[in-house]
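Index from 1, following the sequence. If you're wondering where the values come from, they're calculated on a predicted model, not measured in any experiment. Every number for a ligand or one of its atoms is a count from 1 in the order of the listing.
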Amino acid sequence: MMKPSMLRSLHSAVSRRSSHLARRGYSSESTPERKVVVLGAAGGIGQPLSLLMKLNPLVTSLSLYDIAGTPGVAADVSHVNTRSEVAGYQGEGELGKALEGADVVIIPAGVPRKPGMTRDDLFNINAGIVKSLCTAISKYCPTALVNMISNPVNSTVPIAAEVFKKAGTYDEKRLFGVTTLDVVRAKTFYAGKANVPVAGVNVPVIGGHAGITILPLFSQATPKANLDHDVIVALTKRTQDGGTEVVEAKAGKGSATLSMAYAGALFADACLKGLNGVPDVVECSFVQSNVTELPFFASKVRLGKNGVEEVLGLGALSDYEKQGLENLKPELLASIEKGIKFANQ
Ligand SMILES: NC(=O)c1ccc[n+]([C@@H]2O[C@H](COP(=O)([O-])OP(=O)(O)OC[C@H]3O[C@@H](n4cnc5c(N)ncnc54)[C@H](O)[C@@H]3O)[C@@H](O)[C@H]2O)c1
Ligand SMILES: O=C(O)C[C@H](O)C(=O)O
């Protein structure tokens, strides 16, 4: 028989734990049912991302779709003893069922780069894939938050917007280009140079997701460090070339998959927390925007119950960053216009 004092301390430990989880948006009593769909779930990103979403206690239903290979991935992931139910769907005939009732749809479907390619070289194949998947989203889950990972993000997000507009389902608050990997890289590289613990580092990354359109704002990085200008220039270039660094190291076997799965899981988790009403969820993302004259732009975004609650301004930029911002605009605009044109052909 447990003594009353022991019962009291057990009870207070449990309530401390539940209020800690509730603050992080994880309380099972207050957490609604959430369905997350991964399109391209059998791929290099899709598989580890599916596992990470299975580990997320905010997810109750995990739907894994691909043109092939999903029964195996779903069977494998479904044995993990966490909250969500897992279902695998394979082939276009099952896409509708995969999407129905989705709260968040994550799209890592499409081909990755090989050495020597730009992300734009993927346009011809991936634009068509994204167009058909977004057509299905507008039909089967028009109110889901869409997390676009497929490259070139600078064009695939505008393609998705046009598809949704044509279907009459476009809500700019619900469409996100996932640029979290740029933030993850900027944080890692900055922590190394500033010699600070990476867990406490924050670096906003604005613009887009390709080469010079990726603009990390190290002048706003925290904790502050007095890094020389040439170090900032090198950090900026390394962040912009982070994807290429991985593509070259993989030598023809694809691009970032594990770090991308991590970044995609972080961003989807932020979307779920926003949907669940957790306050002050802020992440960088490539969204419809009027912070510059470009129609889509990555910056800090506050996430809420309807997706984007507020697109935050850029804050103060250094002269180097101001120049970087002007330099990226023509390329980013051309990629956005290319996507819009493709979707309207
Ligand atoms: N946003 C980012 O930061 C970021 C980072 C890394 C990679 N990416 C991009 O993510 C994409 C996927 O990369 P990967 O390494 O996982 O590639 P991968 O080839 O390993 O996997 C892609 C998966 O997509 C599937 N697929 C193809 N057509 C499909 C369709 N119509 N419907 C559903 N699934 C389909 C394939 O069967 C495959 O399983 C690439 O375009 C890559 O450039 C983006
Ligand atoms: O670099 C790529 O092609 C993949 C991705 O966009 C990345 O940044 O790693």
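In terms of protein heavy-atom proximity, atom 6 (O) of ligand 2 is closest to H209 NE2, 2.5 Å. Protein heavy atom in closest approach to atom 40 (C) of ligand 1: V111 O, 3.2 Å. Annotation: atom 35 (C) of ligand 1 to nearest protein heavy atom, A109 CB, 3.6 Å. Of all protein heavy atoms, the one closest to atom 7 (C) of ligand 1 is I45 CD1, 3.3 Å. Of all protein heavy atoms, the one lying nearest to atom 5 (C) of ligand 1 is M260 SD, 3.1 Å. In this structure, atom 19 (O) of ligand 1 lies nearest to the protein heavy atom P112 CD, 3.5 Å. For atom 28 (N) of ligand 1, the closest non-hydrogen atom on the protein side is I129 CD1, 3.5 Å. The protein non-hydrogen atom at the shortest distance from atom 44 (C) of ligand 1 is I149 O, 3.0 Å. With respect to atom 39 (O) of ligand 1, the closest heavy atom belonging to the protein is D66 OD2, 2.7 Å. Here the protein heavy atom with the shortest distance to atom 9 (O) of ligand 2 is R185 NH2, 2.7 Å.
Every atom of ligand 2 with a heavy atom of G243 under 4.0 Å away is listed here by number and element: 1 (O), 7 (C), 8 (O), 9 (O). In the vicinity of T257, heavy-atom distances shorter than 4.0 Å reach the ligand 1 atoms 15 (O). Proximity to V178 (heavy-atom distance under 4.0 Å) selects the following atoms of ligand 1: 1 (N), 3 (O). Atoms of ligand 2 found under 4.0 Å from any heavy atom of A256, numbered from 1 in the order shown, are 9 (O). For ligand 1, the atoms sitting less than 4.0 Å from at least one non-hydrogen atom of L122 are 43 (O), numbered in the order shown with element in parentheses.
Between N276 and R34, the side chains place a donor N or O and an acceptor N or O closer than 3.5 Å (distance only, hydrogens not considered). In this structure, a donor-acceptor pair under 3.5 Å is absent between the side chains of N126 and T156.
Remark: side-chain polar atoms of Y262 are not paired, donor with acceptor, to backbone N or O of L181 under 3.5 angstrom. Formation of a donor-acceptor pair under 3.5 Å by the E162 side chain with backbone atoms of F342 is not found in this model. In terms of modelled atom types and a separation under 3.5 Å, the side chain of Q90 and the main chain of G69 share a donor-acceptor contact. At distances below 3.5 Å, at least one donor-acceptor pair connects side-chain atoms of R174 with backbone N or O atoms of T143.
At under 3.5 Å, a nitrogen or oxygen of R113, whether backbone or side chain, sits near a nitrogen or oxygen of ligand 2. Here's the thing with Y65: none of its N/O atoms is less than 3.5 angstrom from an N/O atom of ligand 1. The shortest N/O to N/O separation between N126 and ligand 1 falls below 3.5 Å. Residue-to-ligand polar distances keep S150 apart from ligand 1: every N/O pair is separated by 3.5 Å or more. Any N or O atom pair closer than 3.5 Å counts here, and V153 shares no such pair with ligand 1. Considering backbone and side-chain N/O of L181, none are found under 3.5 Å from N/O of ligand 1. Here's the thing with G43: one of its N/O atoms is less than 3.5 angstrom from an N/O atom of ligand 1. Considering backbone and side-chain N/O of A256, none are found under 3.5 Å from N/O of ligand 1. By the 3.5 Å distance cut-off applied to N or O atoms, H209 is counted among the residues near ligand 1.
Heavy atoms of other residues, nucleotides or ligands lying less than 6.0 angstrom from NZ of K237 number 12 at most. Within 6.0 Å of the CD1 atom in I125, the count of heavy atoms belonging to other residues, nucleotides or ligands does not exceed 12. Counting heavy-atom neighbours within 6.0 Å of E85 CD, excluding the residue itself, gives a total of 12 or less. Environment of NZ in K35: crowded, with over 12 heavy atoms of neighbouring residues, nucleotides or ligands closer than 6.0 Å. Within a 6.0 Å sphere centred on CG of N195, other residues, nucleotides and ligands contribute 12 heavy atoms or fewer. Applying the 6.0 Å contact sphere to NZ of K338 captures more than 12 heavy atoms from other residues, nucleotides or ligands. By the neighbour-count criterion of 12 heavy atoms within 6.0 Å, atom CD of E310 is densely surrounded, having more than that number from other residues, nucleotides or ligands.
At a 4.0 Å cut-off, not a single heavy atom of M117 sits close enough to ligand 2 to count as contact. Residue contacts with ligand 1 include P108, since one or more of its heavy atoms lies under 4.0 Å from the ligand.
One finds no salt bridge joining K97 and E100 here, because no Lys/Arg side-chain nitrogen approaches an Asp/Glu carboxylate oxygen to under 4.0 Å.
You'll find the ring centres of F286 and H209 outside the 6.0 Å limit.
The residue M260 has no part lying near ligand 2, judged by heavy-atom distances below 4.0 Å. Counting heavy atoms under 4.0 Å from ligand 2, residue L181 touches it through the side chain alone. Residue-level proximity to ligand 1 for D182 is absent, since no heavy atom of it falls below 4.0 angstrom. Residue contacts with ligand 2 for E245 are absent, since no atom lies close enough (heavy atoms, distance under 4.0 Å). With a heavy-atom cut-off of 4.0 Å, N151 touches ligand 1 through backbone and side chain alike.
Of all the listed residues (I214, L122, N151), N151 holds the heavy atom that lies closest to atom 4 (C) of ligand 2. The residue from A41, G69, G110, S259 that puts a heavy atom closest to atom 22 (C) of ligand 1 is G110. Evaluated by nearest non-hydrogen atom to atom 20 (O) of ligand 1, the leading choice among G254, G44, A68, G40 is G44.
Residues A268 and N147 come closest through the heavy atom pair CA-OD1, 3.6 Å.
Using bins of under 30°, 30° to 60° and over 60° for the plane-to-plane angle, the ring pair F164/Y170 lands in the parallel bin.
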